[in-house]
Undergrad: 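Starting off with a structure, shown below.
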There are 2 protein chains.
Amino acid sequence: MFMFNKLHRTAEELIRHSGGRVTVGRIRILSVLLAEQQAITHREIEQRLPQTLQLDRVTLYRALEWLADKNLIHKVTSDDRAWRYHANRELHTHQHAHFKCTRCAQMICLDDLPIERSWPLPAGYRFQEIELTVKGLCADCS
Amino acid sequence: MFMFNKLHRTAEELIRHSGGRVTVGRIRILSVLLAEQQAITHREIEQRLPQTLQLDRVTLYRALEWLADKNLIHKVTSDDRAWRYHANRELHTHQHAHFKCTRCAQMICLDDLPIERSWPLPAGYRFQEIELTVKGLCADCS
DNA sequence: CAATCATTGCAACATTGTTGCGTTTATTTA
DNA sequence: TAAATAAACGCAACAATGTTGCAATGATTG
């Protein structure tokens, strides 16, 4: 992966800037997510980490939680009971939709789908955020 | 629950009409869902079943799967890794949105939110369906 | 370099859902 | 109505994903 060094430096920068401790694990995890177009699962992140840096499952979960707290990544709900994670680019720090392929389970962000900020809700209900997943077949599967 | 007999009969009717075997379990489960405004979890269904009819966990899952196959109920994805189920009224046999309270986890159907049938997707992608969850605080929690 | 406290790794646990298989039962058929 | 049949059921065991408590490690600061 020829982009690796650049991503690695970007990741380190972002983490340092967020005021937490800069650890190898966090850097590598964020690098993986920055290199990825799709939103990927915990397991997929594990598989993409170098052999030389196999983190404990719990550590990975906690690092992901921390990165999400710091708004460097975001979590996406799916129908298969597994969170998927994706690095926050400036483009989609705001609310955006996701697409999930019903055959291969690939999940991408649909950045150009602006979602309205509020919805008509029953009286007394208060809007916070929206989660929108479009399902169908991706280019490879259709 | 004074409506019980009526619901029970409705449920039995619907099941018989769907061409499967009419079992006590299916009738009671569907009755519970027909009586409920919200979309509820497997566990909540269990709790609402009469003491005299405690079904095995597996049986409940399989009955719910069957009911969903027959389009008598529908499954809703949530961010807490648990399916929620709701009886299909004529109003929302089509695609509709759901609201989930971020405090008490209550989940209701937003019937009056019509969702467009298709979305602009990348080239080669094929639309199938959409899942939309609005999150916020319900009337009781806000 | 030592002190400090955030981060990590391990073990154990929790929740939700699934599979295989022998038994029961709703329905059909004689 | 009784026997035959296949669909449902219940049990046990398993699988996947995620969480908690706690002792050990290591990044940062002075």
Side-chain angles (χ1 to χ4, degrees), chain A residues 8 11-30 39-47 49-70 72-85 100 105 107, chain B residues 8 11-31 39-70 72-85 100 105 107:
Chain A
H8 194 278
E12 182 169 348
E13 189 72 11
L14 288 167
I15 290 166
R16 192 176 310 279
H17 205 260
S18 294
R21 293 202 176 166
V22 181
T23 68
V24 203
R26 284 177 180 172
I27 295 172
R28 299 310 279 262
I29 293 168
L30 185 51
I40 57 177
T41 63
H42 174 270
R43 180 169 294 265
E44 288 166 329
I45 294 170
E46 239 172 8
Q47 289 164 353
L49 287 174
Q51 301 289 342
T52 51
L53 184 77
Q54 285 302 323
L55 298 171
D56 186 73
R57 212 154 49 98
V58 178
T59 303
L60 183 39
Y61 277 118
R62 291 202 263 231
L64 289 168
E65 197 186 343
W66 185 87
L67 290 167
D69 270 358
K70 298 301 180 191
L72 298 178
I73 65 175
H74 63 280
K75 279 167 96 169
V76 189
T77 303
S78 175
D79 53 8
D80 57 7
R81 315 172 2 96
W83 293 106
R84 281 175 173 71
Y85 303 86
K100 185 176 183 201
M107 205 155 187
Chain B
H8 194 278
E12 182 170 346
E13 189 73 10
L14 287 167
I15 291 166
R16 192 176 309 279
H17 205 261
S18 294
R21 292 204 177 167
V22 182
T23 68
V24 202
R26 284 178 180 173
I27 295 171
R28 299 310 280 264
I29 293 168
L30 186 50
S31 298
I40 57 178
T41 63
H42 174 270
R43 179 170 293 264
E44 288 165 328
I45 294 169
E46 240 171 9
Q47 289 164 352
R48 284 162 176 72
L49 287 174
Q51 301 288 343
T52 51
L53 183 77
Q54 286 300 324
L55 299 170
D56 186 75
R57 213 154 49 97
V58 178
T59 303
L60 183 39
Y61 278 118
R62 291 201 263 231
L64 289 168
E65 197 186 344
W66 186 87
L67 290 167
D69 271 357
K70 299 300 179 190
L72 298 177
I73 65 175
H74 64 278
K75 279 167 97 169
V76 189
T77 303
S78 174
D79 52 8
D80 57 7
R81 313 172 3 96
W83 293 106
R84 281 176 174 72
Y85 302 87
K100 185 177 183 200
M107 204 156 189

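The analysis underlying the following values was restricted to heavy atoms, covering all of them including side chains, and did not include hydrogens, waters or symmetry mates. In what follows, chains are A, B, ... by sequence order, proteins preceding strands, each numbered from 1. If you're wondering where the values come from, they're calculated on a predicted model, not measured in any experiment.
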Undergrad: For B:Lys75 and B:Gly20, find the nucleotide of DNA chain C closest to each by heavy atoms; which residue's nucleotide sits nearer the 5' end?
TA: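 Looking at the nearest nucleotide for each, B:Lys75 comes out on the 5' side.
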Undergrad: So does B:Glu13 have more than 12 non-hydrogen atoms from other groups sitting under 6.0 Å from CD?
TA: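 Atom CD in B:Glu13 is not packed in, count stays at 12 or less.
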Undergrad: Is any side-chain heavy atom of B:His42 closer than 4.5 Å to a side-chain heavy atom of B:Ile45?
TA: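 Result no, sub-4.5 Å side-chain heavy-atom pair not found.
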Undergrad: Does the side chain of A:Arg21 get closer than 4.0 angstrom to OP1 or OP2 of D:dG26 through an N or O atom?
TA: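 A:Arg21 to D:dG26 OP1/OP2: no side-chain N or O under 4.0 Å.
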Undergrad: So, A:Lys100 and A:Asp80, do they make that salt bridge, N to O below 4.0 Å?
TA: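 Looking at A:Lys100 and A:Asp80, the cut-off is met.
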Undergrad: Mapping B:Gly19 and B:Arg81 onto DNA chain D by nearest heavy atom, which one lands closer to the 5' end?
TA: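 On the 5' side of the pair lies B:Gly19.
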Undergrad: Taking the side chain of B:Arg26 as heavy atoms from C-beta outward, which of C:dT18, D:dC9, D:dA8 is closest to it?
TA: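 The answer is D:dA8, which lies nearest to the side chain.
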Undergrad: Below 4.0 angstrom from OP1 or OP2 of D:dA8, is there any side-chain N or O of B:Thr59?
TA: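 Checking D:dA8 against B:Thr59, no side-chain N or O comes under 4.0 Å of OP1 or OP2.
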Undergrad: I want to check something: taking the side chain as every heavy atom from C-beta on, are B:Val22 and B:Arg16 in contact at a cut-off of under 4.5 Å?
TA: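 B:Val22 vs B:Arg16: side chains touch.
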Undergrad: Report the residue from A:Leu67, A:Thr59, A:Ile73 that forms a side chain to side chain contact (heavy atoms under 4.5 Å, CB included) with A:Ile29.
TA: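 Per the side chain to side chain contact (heavy atoms under 4.5 Å, CB included) rule, the option paired with A:Ile29 is A:Leu67, out of A:Leu67, A:Thr59, A:Ile73.
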Undergrad: Should A:Thr23 be listed as having a side-chain N or O under 4.0 Å from OP1 or OP2 of C:dT8?
TA: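 Affirmative; the distance criterion is met.
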Undergrad: Of the nucleotides C:dT27, C:dG9, D:dG10, which one has an atom closest to the side chain of B:Leu55?
TA: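 From the listed options, D:dG10 comes nearest.
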Undergrad: Between C:dT16, D:dT17, C:dT7, spot the one nearest the side chain of A:Ala82, thanks.
TA: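 Of all the options, the side chain of A:Ala82 is nearest to D:dT17.
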Undergrad: With nearest nucleotides of DNA chain C determined for B:Val22 and B:Glu65 from heavy-atom distances, which residue corresponds to the more 5′ nucleotide?
TA: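 Its nearest nucleotide being more 5', the pick is B:Glu65.
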Undergrad: Between B:Arg57 and B:Gly25, which is nearer to the 5' end of DNA chain D once each is assigned its nearest nucleotide?
TA: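 Final value for this comparison: B:Gly25.
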Undergrad: Is there a donor on the side chain of B:Arg62 or the base of D:dG10 sitting less than 3.5 Å from an acceptor on the other?
TA: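 Result: at least one qualifying N/O pair found.
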Undergrad: Find the bend of the helix from C:dC1-D:dG30 to C:dA30-D:dT1 as the angle between its two terminal axes (five pairs each), to the nearest 10°.
TA: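 Computed angle between terminal axes is 30°.
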